[in-house]
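What you see below is based on every heavy atom in this structure, not just the backbone, and it leaves out hydrogens, waters and symmetry mates. Along the sequence shown, residues carry numbers from 1.
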Amino acid sequence: MVETGRLELVGVNFQPGLRYFLPGVEAVLDAFAESLKKMPNIKIELQGHICCQPFPGDGQDNDTGLNNLSEARAKAVYDFLVKGGIGPNRLRYKGMGNYFPKVNPEITEADRIANRRVEAVVWE
């Protein structure tokens, strides 16, 4: 991990319409947490993204009914990292909605999976 800039958490993807991880994500997040433990002065903003939204904004979390899906995904990563030993004072999370797609237009399911993601941005 670099000490400045943006890092896509490759492999951290989500079930459609939900804040729940796809299988295998825990191993990626465990490795990320270990990297953060080696850099105790780094503070990270976790930015959640969504796919498949026909209009600008955030998506609905099918579990809660709230229109905060991108934030809920970022918070899911935040919660995992805190539980894994990263101090909450080193992390913050934010929903980015569908404003910054990785793949546009979304044609395949792989495109949609790529857009259902969380990125880590060093903020201090």
Side-chain angles (χ1 to χ4, degrees):
M1 183 175 144
V2 296
E3 293 192 17
T4 60
R6 177 178 306 274
L7 173 71
E8 180 184 346
L9 300 177
V10 176
V12 177
N13 297 107
F14 298 84
Q15 296 176 23
L18 297 167
R19 64 189 178 281
Y20 304 120
F21 302 126
L22 288 176
V25 168
E26 291 82 0
V28 175
L29 290 177
D30 283 337
F32 183 55
E34 289 306 311
S35 294
L36 289 176
K37 288 174 185 176
K38 294 175 184 172
M39 296 179 284
N41 296 324
I42 297 291
K43 294 185 179 180
I44 299 291
E45 178 176 86
L46 300 160
Q47 298 179 348
H49 300 267
I50 64 167
C51 76
C52 316
Q53 190 75 356
F55 51 88
D58 211 337
Q60 184 179 56
D61 183 329
N62 293 337
D63 204 33
T64 65
L66 300 174
N67 286 324
N68 69 343
L69 184 57
S70 66
E71 180 180 352
R73 288 176 173 167
K75 185 170 186 318
V77 173
Y78 170 92
D79 290 342
F80 186 97
L81 294 173
V82 169
K83 188 176 179 181
I86 305 302
N89 60 322
R90 297 182 57 200
L91 302 170
R92 64 184 183 194
Y93 58 91
K94 180 178 183 180
M96 306 301 285
N98 66 345
Y99 293 106
F100 304 99
K102 183 178 174 184
V103 179
N104 191 16
E106 296 170 341
I107 297 170
T108 67
E109 182 59 19
D111 297 341
R112 291 182 280 278
I113 289 171
N115 285 338
R116 293 191 293 260
R117 70 192 191 281
V118 170
E119 295 177 337
V121 178
V122 175
W123 60 278
E124 189 175 307

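Here side-chain hydrogen bond (donor to acceptor under 3.5 Å, both in side chains) pairs that include residues 75-87, with residues two or more places apart or in two chains, are Lys75-Asp79.
Hydrophobic cluster membership differs between Val121 and Val12, with clusters built from Ile, Leu, Val, Met, Phe, Trp and Tyr side chains linked at under 4.5 angstrom. Both Met39 and Val82 are part of a single hydrophobic cluster, where members link through side-chain heavy atoms under 4.5 Å apart.
Exactly one of Asn13, Asn98, Val103 qualifies for a side chain to side chain contact (heavy atoms under 4.5 Å, CB included) with Asn115. That residue is Val103. Here the rule is side chain to side chain contact (heavy atoms under 4.5 Å, CB included) with Phe32, and of Leu36, Val28, Asp30 only Leu36 fits it.
Clustering of Ile, Leu, Val, Met, Phe, Trp and Tyr side chains at separations under 4.5 Å places Tyr20 together with Leu18. Grouped with Phe100 in one hydrophobic cluster are Met96, Tyr99, the linkage being side-chain heavy-atom contacts under 4.5 Å among Ile, Leu, Val, Met, Phe, Trp and Tyr residues. Clustering of Ile, Leu, Val, Met, Phe, Trp and Tyr side chains at separations under 4.5 Å places Ile50 together with Leu69. Leu66 forms part of no hydrophobic cluster, judged by ILVMFWY side-chain heavy-atom separations under 4.5 Å.
Salt-bridge annotation for Lys94 and Glu119: absent, with no side-chain N of the basic residue lying under 4.0 Å from a carboxylate O of the acidic one.
Inter-residue side-chain proximity for His49 and Lys102 is flagged as unmet; no heavy-atom pair is nearer than 4.5 Å. Counting only heavy atoms from C-beta outward, the side chains of Leu81 and Leu46 approach each other to under 4.5 Å. Annotation: side chain of Lys37 is in contact with side chain of Ile86 (closest heavy-atom distance under 4.5 Å). Using a 4.5 Å heavy-atom cutoff, the side chains of Arg112 and Pro16 are not in contact.
The structure places CZ of Arg19 at 15.5 Å from CZ of Arg116, a figure rounded to the nearest 0.5 Å. Distance CG/Asn62 to CD/Gln15: 10.5 Å, rounded to 0.5 Å. Separating the CD atom in Glu8 from the CD atom in Gln47 is a distance of 12.0 Å, to the nearest 0.5 Å.
For Phe21, the ring pair (Phe, Tyr, Trp, His ring centres under 6.0 Å) test picks out Phe14, with sequence neighbours left out.
Taking all atoms of both residues into account, the shortest heavy-atom contact from Ser70 to Gly95 is OG-CA, 3.1 Å. Here the closest non-hydrogen pair linking Asp111 and Pro105 is OD2-O, 3.8 Å. For Ala74 against Gly48, the heavy-atom pair with the smallest separation is CB-N, 3.6 Å. Of all the heavy atoms in Asp63 and Asp61, the pair that sits closest is N-OD1, 2.8 Å.
The main-chain N or O of Ile42 is found under 3.5 Å from a side-chain atom of Arg90 such that the two form a donor-acceptor pair. In this structure, Gln60 contributes its side chain and Gly65 its backbone to a donor-acceptor pair below 3.5 Å.
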